[in-house]
Structure formats: structure tokens, C-alpha cells
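Here the structure is a predicted model, which means the values were calculated and not measured.
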Amino acid sequence: CIRDSTGTDTEFTTPFIPSLIDGETYYIGVRARNGAGSPSDFGISDGIVIDNTPPETSIDSLTGDQGEDDWWVSNVRVKLSAEDNNEQVGVKKTEYKIDNGSWQSYPGDGFNVTGSSTIHFRSEDNLGNLETAKSVEIKIDKTPASKPAVRGYANSTTQLRAWWTSSDAESGIAEYEYAIGTAPDRNNVRDWMSVGTDTDVTVTGLNLRDDKTYYVRVRVTNGAGLKRKGVSDGITVNSELEEQKLYLYSGWNLVSIYLDVTDTESNLPSLLGSMEGDYDSVSVYAYDASSGRWSYCIYHISGDHIGDLDR
């Protein structure tokens, strides 16, 4: 109990407060003395609850299109709610910020998040008790992986090899599947098969026909569950193709390979398309046996082994 005089003031701040207990209720009694020194009865305040506890803010709802593994595939609407432990005090404000941005006043109907972000949020009551900020990570990927660029070759009627590239900067690659058909949109040779995250497959046990054209389709699924397909150019089976390996030094290498190709229109593109490895460019020149001279460049492939074949 504290007793003090305020003279004739009707308002005071006590200069000495012992340790008050958060959540406990305390009362203030006031009496007056008249000019003759006679005291009045005590007037007692309503209970005053000690409040050193900040409000509690929580995620009320997250709405949008959900993907796989806690990813969202659309914008996300975030709604917050805040409660104070003392109804007599109440919540003064709730605010939020996205990543390292500035704190913003929370609108009552929520706000939109358009990309992967960390959302921070907190509230303050009317006594100035400020909550320690909380946070939640929201992962958003609204686009599938890049279209698989597929290459391949078949130098046997029983097996076919294919390889491809694709990427996803947001949620990454979760799975590749391949299928083989006699047309770009068919799976009549081999139905969809998963290869995990491998980007190269040699398919065996096939029953292919020499000189017939086949197509390899690749379906990529990103971490959010979005899918995209790519298909190879036609792969013509040529069981007479031989596999040769080149061992190159780091840096630039100039390699000359002599080929006897009688049908450049059909055989040469298939041959170049089967070249596996990383290289800057490959040029093919025609050789005139009668003059013994090399003539014009008839084919050129640039970039890595997934690059386009340019005539």
C-alpha cells in the first residue's frame, strides 16, 4: 500500500512504485480534506490491471492456388489477426513488412504477396507494448520450368539415347519423364517413364525399324508441381552409325573428322544431332574429290549440344 499527498492537485504520478505484477489488479483510493482539516470518505477506483504484455498477432488465412511441397502457384492473399490480453487496453495498430522493406500499416482486409517473400508482422497495444515481430515464408512459383530442349540418336533397332536441358529458377526441377512415339504427339513406342532428375536416358529393349523416324518427348515437373513438355526433332534409326569418343583439352580445340556421307539431306542432320558434349560450334564442309579441295560450309551447329542446327 502506498500513501501520498497531492496537495490540491487532482492528478498525480507517484514517484515510487514497487514491483507490480503483470496481470494483477490494483485499486486507488482518494480522499479529500476541507479547510478545517476534516477528511472525506475514500473514493475507490475501479480495478486497474497491470499490463506489460504486448498483443499477439497471428496468420488468420493464406489464400491462393496451392502447388506441391508448400509452394503456391498464384499470388497469395495474407490476412492477419491480433488480440490483446487486456480488453481494457486493446490493440492500437498492426503492421507488416515484406522481406527487408519498410513497415506498413496492416489494412483490415489483408494484402497480396506476388512473389516468394518472407512476411514480418507485429502489433502494439494502447499502452505502447510492442510485440516482437514474427515471420512466415511464402514460396511462390507461377511459371513452369523452361521447355525441355531434347536431342537424341538411335544407332540400333533395340535402343535409343536421348538427353535434354531445362531449368527453373524458382522452385527447381522435381522430376523428368520421357516418352517415345512415331509422331511428336504420340507415346506408342514407350509410354511416360520417370527418370527422376536425370537429364540423359538410354532406352533399351525397343523394337525400332531402321530408317524410320521416332520422337522423344520429355515432361518436366518443377518443385511447385507445374509441368511443361518438349519434344525432339525426328530421330531416324541408323544401325550403321558408329560411336566415337573424342578426348579434348580444356580451352579451344580444332578437330577434323572425315566422313563419307552420301545423303546429306537426311543423314547429316541426324549425325550432327547425335553429337553429345559441350562445344562452341561445329562446321561441315564439302570435299570435292576431283579437285582435292574443300568447298563451302554446308552445315553449322552452334552453342552446346542442344543448339539449333543451322544450314
Side-chain angles (χ1 to χ4, degrees), residues 68 144-168 172-223 225-248 253 255 257-279 281-282 284 299 301-309:
E68 301 291 335
S146 62
K147 181 180 179 180
V150 188
R151 303 288 261 185
Y153 69 92
N155 60 357
S156 165
T157 57
T158 61
Q159 73 176 35
L160 179 151
R161 187 178 183 189
W163 59 92
W164 54 86
T165 60
S166 179
S167 62
D168 190 289
I173 303 299
E175 183 186 38
Y176 290 111
E177 301 165 276
Y178 75 90
I180 304 172
T182 55
D185 59 348
R186 300 189 68 184
N187 306 341
N188 56 326
V189 175
R190 179 64 59 88
D191 206 356
W192 291 108
M193 296 284 292
S194 175
V195 292
T197 55
D198 290 344
T199 57
D200 188 305
V201 64
T202 298
V203 187
T204 60
L206 300 174
N207 185 20
L208 308 178
R209 290 170 50 189
D210 230 346
D211 295 324
K212 185 171 178 61
T213 300
Y214 297 87
Y215 298 84
V216 177
R217 290 202 289 168
V218 172
R219 181 166 61 194
V220 57
T221 304
N222 68 8
L226 299 174
K227 300 178 184 294
R228 177 170 284 181
K229 297 175 185 176
V231 62
S232 70
D233 293 332
I235 299 172
T236 301
V237 179
N238 187 345
S239 58
E240 295 181 359
L241 285 177
E242 296 181 5
E243 183 175 300
Q244 298 290 336
K245 292 184 179 180
L246 296 177
Y247 298 94
L248 305 178
N253 291 265
V255 178
I257 304 174
Y258 297 90
L259 303 171
D260 183 10
V261 181
T262 56
D263 185 357
T264 60
E265 288 299 321
S266 61
N267 292 338
L268 191 55
S270 176
L271 178 64
L272 290 180
S274 70
M275 296 183 66
E276 178 190 2
D278 296 321
Y279 46 80
S281 64
V282 175
V284 179
Y299 274 93
I301 185 169
S302 59
D304 61 19
H305 65 276
I306 300 298
D308 292 330
L309 184 66

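Looking at V201 and W164, their side chains come closer than 4.5 Å, going by heavy atoms from C-beta outward. T157 is listed as a side-chain neighbour of V237, based on a closest heavy-atom distance under 4.5 Å. Side-chain contact between T182 and Y215 is absent, with no heavy-atom pair separated by less than 4.5 Å.
Nearest heavy atom pair, residue D198 against residue Y176, reads O-CD1, 3.2 Å. For the residue pair R190 and Y178, the shortest heavy atom distance occurs at NH1-OH, 3.5 Å. Among all heavy-atom pairs drawn from S166 and V220, the shortest one is OG-CG1, 3.9 Å. The two residues Y214 and R209 have their closest heavy-atom pair at OH-N, 2.9 Å. Scanning both residues, P144 and D168, for their nearest heavy atoms gives C-OD2, 3.6 Å. The two atoms that bring A174 and N222 nearest to each other are CB-O, 3.6 Å, heavy atoms only.
Distance CG/D210 to NZ/K212: 12.0 Å, rounded to 0.5 Å. Once rounded to the nearest 0.5 Å, the distance linking CG of L208 with CD1 of I180 reads 7.0 Å. The CG atom of L206 sits 8.5 Å away from the OG atom of S156 when rounded to the nearest 0.5 Å. Note: T165 OG1 to D200 CG = 12.0 Å, rounded to the nearest 0.5 Å.
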Table please: side-chain donor-acceptor pairs of residues 227-235 below 3.5 Å, with sequence neighbours left out.
{"from": "K227", "atom 1": "NZ", "to": "T221", "atom 2": "OG1", "distance (Å)": "2.9"}
{"from": "R228", "atom 1": "NH1", "to": "A145", "atom 2": "O", "distance (Å)": "3.4"}
{"from": "S232", "atom 1": "OG", "to": "V216", "atom 2": "N", "distance (Å)": "3.0"}

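S146 places a side-chain N or O within donor-acceptor distance of the main-chain N or O of S167, the cut-off being under 3.5 Å. Checked by atom type and distance alone, the side chain of T202 never pairs as donor or acceptor with a backbone atom of R161 at under 3.5 Å. Looking only at distances, no side-chain donor or acceptor of Y153 sits under 3.5 Å from a matching main-chain atom of N238.
Within a 6.0 Å radius of CD in E68, other residues, nucleotides and ligands contribute 12 heavy atoms or fewer.
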